[in-house]
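Just so it is clear: chains get the letters A, B, ... in the order the sequence lines come, proteins before strands, and each one is counted from 1.
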Number of protein chains: 4
Amino acid sequence: MFSQSKTDFTKQMRLKTEEKKIALLKATLSLINDNGFHDAPMGKIAKLANVSPATIYLYFENKQDLTNQLYLSLKEDFGKSAFEGYSESMGVYEGFKLIWHNIAQYKLNQVAESVFLAQCDSTPIVTKCVRMAGLIHLQPLLTLWEKGRKNNTIKPISDYLLYAYSIYPLSFLMNMKQENQTEICNETLTKAWQTSWDAIKQ
Amino acid sequence: MFSQSKTDFTKQMRLKTEEKKIALLKATLSLINDNGFHDAPMGKIAKLANVSPATIYLYFENKQDLTNQLYLSLKEDFGKSAFEGYSESMGVYEGFKLIWHNIAQYKLNQVAESVFLAQCDSTPIVTKCVRMAGLIHLQPLLTLWEKGRKNNTIKPISDYLLYAYSIYPLSFLMNMKQENQTEICNETLTKAWQTSWDAIKQ
Amino acid sequence: MFSQSKTDFTKQMRLKTEEKKIALLKATLSLINDNGFHDAPMGKIAKLANVSPATIYLYFENKQDLTNQLYLSLKEDFGKSAFEGYSESMGVYEGFKLIWHNIAQYKLNQVAESVFLAQCDSTPIVTKCVRMAGLIHLQPLLTLWEKGRKNNTIKPISDYLLYAYSIYPLSFLMNMKQENQTEICNETLTKAWQTSWDAIKQ
Amino acid sequence: MFSQSKTDFTKQMRLKTEEKKIALLKATLSLINDNGFHDAPMGKIAKLANVSPATIYLYFENKQDLTNQLYLSLKEDFGKSAFEGYSESMGVYEGFKLIWHNIAQYKLNQVAESVFLAQCDSTPIVTKCVRMAGLIHLQPLLTLWEKGRKNNTIKPISDYLLYAYSIYPLSFLMNMKQENQTEICNETLTKAWQTSWDAIKQ
DNA sequence: CATGAATGAGCTTTCATTCAT
DNA sequence: TATGAATGAAAGCTCATTCAT
């Protein structure tokens with residue numbers, strides 16, 4: 001999470017300030033997740049990141065900007081994870097199975113990040129246009145689905161429906177895991193995948 | 001929404017105060033939906049409900065209590081809608097189809113309420129125990145699923161998974177409707193139902 | 001200063017709140033005069049007026065509004081003092097002598113108010129349009145000067161010049177009094193009046 | 001404005017640093033004039049002067065010192081302009097006419113500087129003792145007036161009164177020029193001079 | 001039951017100033 | 001000499017809640 005670009009390693013200075021920005025993003029994530037946006041004051045965020053409140057404003061314009069940047073950076077991260085190992089040359093079933101499992105891994109392992117993203121997608125704590133901007137990271141999946149519809153491996157229904165029935169349910173599982181403090185066992189995961197595929201396959 | 005019990009009609013005074021409480025709940029719903037919990041101050045809620053800020057505290061202990069009560073009253077309402085016309089004597093397919101469509105109608109017609117409930121279920125704005133308490137209104141559905149699993153009409157998977165793949169996707173559709181300001185046409189609804197059933201049927 | 005309208009005396013409540021507003025204006029005047037606008041924080045103003053900081057915002061929109069209202073109320077007050085006992089039927093010399101002495105009395109007795117007005121007129125601490133609005137209270141003087149120019153008792157020069165040479169010098173005297181903590185004796189006042197008249201008479 | 005002493009030309013380095021100090025004074029003047037002292041933060045001043053905030057503290061002790069030095073340097077400048085071409089051997093009328101016109105030129109041409117000085121003289125943004133120190137640059141004028149009082153060309157009134165009625169009115173004209181964005185025409189200037197002299201001549 | 005006025009605590013943000021380099 | 005980064009303290013302002021009526 002919050003990966004630094006390689007060029008930063010050249011200059012020691014740049015590294016330190018980048019680290020500070022990352023610490024701030026992490027602190028924000030943690031506080032908003034635990035207490036909600038309304039109880040994650042800048043002062044607490046600063047303290048958790050071990051900087052002065054004023055320092056936040058060297059890296060972010062204001063609280064909204066901080067939240068937006070956090071959202072976008074997580075979405076990007078999520079996108080990267082989702083398509084790890086994926087290539088457009090894969091078959092529809094094979095490719096989707098890979099992507100689905102990637103996403104499942106992300107949602108079940110990087111719980112904090114996933115919970116935050118879910119929160120953002122159902123509340124007005126990030127600007128609407130920022131939420132829009134976050135969508136581009138899913139493009140390869142939409143392309144794959146189009147292929148699937150064309151070769152009749154996937155139902156001829158809209159992307160929204162496909163997403164709602166094959167990916168979105170994972171968010172519910174993640175919520176349950178979080179809420180009940182239970183683990184999602186391998187069997188459950190297998191059943192979930194089976195159900196996802198049953199739902200959207202032709 | 002926010003139905004008053006019939007007994008209230010006996011006393012004129014009680015009616016008026018009940019109306020005030022309802023106005024407050026409605027105002028809260030609207031403000032939290034539009035601005036988020038963090039920008040729905042008691043003052044604005046009071047103004048929107050045409051009462052004084054102090055009056056809120058005659059009906060609710062504090063802001064948390066107000067939010068909790070709103071959540072619970074909506075959950076109850078949602079439960080009632082979900083099982084309208086349903087009887088335990090129905091067959092599994094027939095019964096579930098009825099319940100599913102009831103829920104779909106609720107989510108697509110009472111958007112404000114649904115959006116609020118979704119927001120509550122993915123943020124810490126209602127107390128955890130209150131969220132738990134809201135679950136009881138779904139009991140009949142769980143009973144029906146148990147029957148379905150026993151007579152092999154429904155997959156032998158946990159309630160969580162069944163919910164995640166047959167009901168939860170409706171939330172995604174509702175979000176899309178809300179976000180894109182589009183209507184969900186009948187064809188989409190039919191496809192959604194078909195997909196739900198494909199996902200969980202044995 | 002800060003006179004309350006008579007109607008307020010009827011309702012005890014209204015009286016108290018009006019008193020609070022006046023206390024705030026007085027506190028603001030005193031702090032800005034002593035420390036300058038930049039060192040007259042809302043917290044200090046509140047404390048001096050014996051109210052909570054939040055209370056200020058019941059009476060004024062923000063700090064700028066507070067300052068503007070103070071300016072306007074003082075300007076109005078100043079105008080009233082300037083024309084006390086004056087009637088349009090008076091001759092030019094007689095009338096102007098009265099007004100001049102009224103203004104002199106105001107500037108030399110109500111020093112705090114005068115100092116504040118002078119400060120406002122030479123800094124951007126009140127909005128430009130508010131400064132404009134404050135001008136109307138001098139209208140009768142301009143009318144009198146017009147009469148004087150017509151009947152050749154006063155030089156045919158612009159209102160600006162007349163003001164600059166007959167009224168504005170009083171501000172300098174007031175500043176000197178303030179700065180040196182000295183009194184302006186009667187003899188000085190007589191000489192000042194004589195000089196004013198010499199400057200503008202035809 | 002802000003003239004550098006000739007000795008600085010010997011060392012190239014000294015020149016550059018002197019330039020930086022001047023740039024800072026200019027930036028301060030401009031910001032305080034436009035926004036008022038309360039909205040002229042060190043950060044903005046630094047940016048406008050193209051230096052780092054920290055650099056300011058190499059040249060000035062703190063913000064108060066910066067303001068004070070600006071005031072004094074302008075006062076000195078003003079004094080120099082006022083007595084350009086003047087010699088103690090001149091007659092009272094002739095000498096005063098020269099000085100008056102010098103001052104008028106300064107106030108009407110170097111508006112920014114004059115506005116700043118006026119602002120300082122009616123607010124506590126420069127220390128009181130600094131304001132006192134600024135007075136010495138007017139000494140020759142006071143000597144001239146003393147001569148005038150002795151040979152009966154000028155009224156036997158205090159320096160304060162003489163200043164109030166012959167020099168101070170120019171400040172008002174300058175304010176008007178600034179406020180109304182109008183020019184002061186030659187005719188107005190002639191009339192102003194005539195009025196000044198009428199006011200104080202014996 | 002209902003309220004407008006009041007508030008202390010706390011919020012986001014800014015600022016004059018310092019420090020490490 | 002010069003700086004960009006950093007900050008503690010404080011600014012203006014808001015909010016959930018209470019109180020006198």
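Annotation: of the two residues near DNA chain F, H38(C) and H38(B), the 5′-most nearest-nucleotide partner is H38(C).
Between the CG atom of L66(C) and the P atom of dA11(F) there is a distance of 15 Å, given to the nearest Å. Distance NZ (K21(D)) to P (dA2(F)): 13 Å, rounded to an integer number of Å. At whole-Å resolution of the value, CD1 in I32(C) and P in dA11(F) are 14 Å apart. Q64(D) places its CD atom 16 Å from the C1' atom of dC15(E), with the value rounded to the nearest Å. Regarding L31(C), its CG atom lies at a distance of 15 Å from the C1' atom of dA11(F), rounded to whole Å. To the nearest angstrom, C1' of dA16(E) lies 14 Å from CG of D65(D). The nearest whole Å value for the distance from the CD atom in E19(B) to the P atom in dA2(E) is 11 Å. The distance between atom CG of L24(B) and atom P of dA2(E), rounded to the nearest whole Å, is 10 Å.
Dashed line: the shortest gap from a side-chain N or O of K63(B) to OP1 or OP2 of dT17(F) is not under 4.0 Å. The side chain of K20(A) places an N or O atom within less than 4.0 Å of a non-bridging phosphate oxygen (OP1 or OP2) of dA6(F). The side chain of Y59(A) places an N or O atom within less than 4.0 Å of a non-bridging phosphate oxygen (OP1 or OP2) of dA6(F).
Using modelled atom types, one side-chain atom of Q64(D) and one backbone atom of I125(D) make a donor-acceptor pair closer than 3.5 Å. K75(C) places no side-chain N or O within 3.5 Å of a backbone atom of A133(C) that could act as its donor or acceptor partner. With hydrogens and angles disregarded, no donor-acceptor distance shorter than 3.5 Å links the side chain of T127(B) to the backbone of C129(B). For the pair R131(D) (side chain) and D121(D) (backbone), a donor-acceptor distance under 3.5 Å is absent.
Residue T67(C) holds its OG1 atom at 10.5 Å from CD of Q119(C), rounded to the nearest 0.5 Å. Atoms CE and CG, from M42(C) and N62(C) in turn, are 7.0 Å apart once rounded to the nearest 0.5 Å. Considering OG1 of T17(B) and CG of L58(B), their distance stands at 10.0 Å, rounded to 0.5 Å.
Residues from residues 39-58 of chain A with heavy atoms under 4.0 angstrom of DNA chain E, sorted by number: P41(A), M42(A), A54(A), Y57(A).
Nearest heavy-atom pair across L48(A) and S30(A) is CD2-OG, 3.8 Å.
Every side chain to side chain donor-acceptor pair (under 3.5 Å) that K21(D) has, sequence neighbours left out, goes to Q69(D).
Taken together, the paired segments of DNA chain E that extend over three or more consecutive Watson-Crick or G-U pairs, each closer than 3.5 Å at both contacts, are E:2-21 with F:2-21.
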